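I have placed the structure first, in the form of structure tokens, so that the comments after it can refer back to it.
On a predicted model such as this, the values are computed, not experimentally measured, just so you know. In what follows, every chain begins at residue 1, and chains take the letters A, B, ... in the order their sequences are listed.
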Amino acid sequence: MSAPSTPCADRLLAWFKRHRRALPWRGPWGRKRDPYRVWLSEIMLQQTQAATVVPRYEAFLDRWPTVDALARAREQEVLDAWAGLGYYRRARNLHRAAQVVATAWGGRFPGSVKELESLPGVGAYTAAAIAALAFGVRTVAVDGNVARVLARVFAISTPAGRSSRRLQAIGADLAPEALPGEFAEALIELGALVCRPRGPRCDICPWQSTCEAFRTGRTADFPVSVPRKRPAVRYSVAFRLTNRRGEVLLRRQSDPGPFQGMLVLPATPWAATRPSPAAVQAAEPPGPAWRRVAGLVEHGLTHLTLRTEIRAGATTRDPAPGEIWHPGRDDGRRLPAYTRKLLAHGAVPEPAAAAR
DNA sequence: TATGCGTGGTT
DNA sequence: TAACCAAGCAT
């Protein structure tokens with residue numbers, strides 16, 4: 001039998017140069033890139049699709065064009081600018097990392113994988129991505145796309161989650177001396193556009209001739225995935241308190257757990273069963289007579305399904321410390337999707353809306 | 001190593 | 001339609 005041929009970096013680069021998407025965090029082909037912009041985009045792209053990130057990235061960059069500007073922002077502003085993107089710990093780490101870069105590193109990002117990995121929110125993937133894309137380090141960043149590509153090309157039957165070190169080493173060996181950043185990004189793009197999870201486009205793949213999974217007709221067998229558990233269900237009762245202007249009382253989620261630091265409705269803690277009357281009463285903001293809103297709002301997180309019942313009430317009082325009145329209706333943008341959903345559910349339509 | 005962390009798109 | 005999954009990280 002003949003020796004298996006090695007995937008060719010030049011062939012992948014040629015494909016990428018021709019087919020790569022024009023995304024706002026990408027410059028012209030082969031051009032040196034601003035580490036701040038690479039870092040910001042990579043944090044946003046963690047577990048988040050490019051199409052979702054594009055408008056948020058541009059808005060973020062408009063508001064905080066440099067790492068120093070971001071370091072000077074207040075944490076609340078950063079969290080609110082992140083609202084709707086999910087995984088809110090990313091936003092807190094982003095702000096903290098900006099302050100580390102601004103102070104400990106004099107406003108310039110470090111250029112080695114190891115130094116980058118010391119920044120909050122920067123793990124093995126993101127550190128490698130910044131090093132390759134912004135600093136020309138000859139390495140690859142193994143995300144879900146790259147893990148899938150390599151698992152297929154080399155028919156690796158270890159589950160991707162447990163073999164990322166090995167995949168990293170395999171990928172880095174393939175990287176060329178010239179344009180390592182473009183190569184690292186090309187691998188990701190190949191996974192996103194061609195070597196897709198289902199229905200891979202092997203017919204247009206630049207690596208088809210060296211892909212073991214294609215050769216053996218087993219692209220569907222790689223990467224090997226571990227079945228995931230079904231999310232647990234959690235129940236709570238949330239309180240929708242409105243003032244005369246139709247504004248809604250929100251507070252910052254202070255408990256560790258989902259939505260920490262974000263604007264949420266006052267509510268009982270989440271529990272495995274529906275809250276008892278005593279638990280509901282203990283969590284009630286003081287004041288009004290509460291009206292039960294029909295139905296249950298269901299919201300899915302990666303590991304939880306939240307089922308929330310809403311009680312509505314009206315008041316004339318001022319917000320307590322740590323609480324704010326939020327317009328509620330229009331700008332849903334400072335809010336997590338979960339909070340937005342709770343505001344919208346069974347809301348009494350305003351006259352203007354009802355007339356349409 | 002396993003688990004906790006959002007949200008939206010795709011099939 | 002109910003998985004499945006996305007440019008993962010921290011603990």
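- Under the side-chain hydrogen bond (donor to acceptor under 3.5 Å, both in side chains) criterion, A/K341 pairs with A/H299, not counting sequence neighbours.
- Atom NZ of A/K17 has 12 or fewer heavy atoms from other residues, nucleotides or ligands within 6.0 Å.
- In this structure, the side-chain hydrogen bond (donor to acceptor under 3.5 Å, both in side chains) partners of A/D203, at least two apart in sequence or on a different chain, are A/R201.
- At a non-hydrogen distance threshold of 4.0 Å, A/G257, A/P258, A/F259 from residues 252-262 of chain A come into contact with DNA chain B.
- Residue-level contact check: A/R165 touches neither bases nor backbone, having no heavy atom under 4.0 Å from any strand.
- Nearest-nucleotide positions on DNA chain C place A/R198 closer to the 5' end than the other of A/R198 and A/Y125.
- Interface residues of residues 147-156 of chain A facing DNA chain C, ordered by number: A/R148; criterion, heavy-atom separation under 4.0 Å.
- For A/G86 and A/R196, each mapped to the nucleotide of DNA chain B holding its nearest heavy atom, the one lying further toward the 5' end belongs to A/G86.
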Query - Candidate pair A/E42 and A/W25, rule side chain to side chain contact (heavy atoms under 4.5 Å, CB included), full reasoning - result: CA-CA 9 Å; A/E42 290 300 341; A/W25 47 87; 5.7 Å; no

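- One interatomic measurement links the two molecules: CG of A/L306 to C1' of B/dT7, which rounds to 12 Å at whole-angstrom precision.
- Nucleic acid contact class of A/A141 (heavy atoms, under 4.0 Å, all strands): none.
- Residue contacts shown for A/A129 are absent, as no nucleic acid heavy atom lies under 4.0 Å away.
- Between chain A and DNA chain C, the heavy-atom contact criterion of under 4.0 Å yields a 5' to 3' nucleotide range of C/dA3 to C/dA10.
- Taking atom P on both nucleotides, C/dA7 is separated from B/dT11 by 13 Å, rounded to a whole Å.
- Under the 4.0 Å criterion applied to side-chain N and carboxylate O atoms, A/R307 and A/E298 are assigned as salt-bridge partners.
- In this structure, A/L23 reaches the bases: a heavy-atom distance under 4.0 Å links it to at least one base atom across the strands shown.
- Position along DNA chain B of the nearest nucleotide to A/G300 versus A/R89 favours A/R89 as the more 5'-ward residue.
- Looking at which nucleotide of DNA chain C each of A/E117 and A/P197 is closest to, the 5′-most match is held by A/P197.
- Judged by distance alone, with hydrogens and angles left aside, A/T302 brings a side-chain donor or acceptor within reach of the base of B/dG6, the pair sitting under 3.5 Å.
- Aromatic ring pairs are classed by plane angle as parallel below 30°, tilted from 30° to 60° and perpendicular above 60°; the pair A/Y36 and A/F109 is tilted.
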Query raised in the report: Run the side-chain hydrogen bond (donor to acceptor under 3.5 Å, both in side chains) check on A/N93 and A/R90 step by step: do they pass?
Result: CA-CA 5 Å; A/N93 284 335; A/R90 290 186 294 175; over 6 Å; no

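- Taking hydrophobic clusters as Ile, Leu, Val, Met, Phe, Trp and Tyr residues chained together by side-chain heavy-atom distances below 4.5 Å, A/L61 shares a cluster with A/V38.
- Residues from residues 36-55 of chain A with heavy atoms under 4.0 angstrom of DNA chain B, sorted by number: A/Q47, A/T48, A/Q49.
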Query raised in the report: Stepwise, does the side-chain hydrogen bond (donor to acceptor under 3.5 Å, both in side chains) test hold for A/R11 with A/S209?
Result: CA-CA 11 Å; A/R11 202 175 307 152; A/S209 65; 3.1 Å; yes

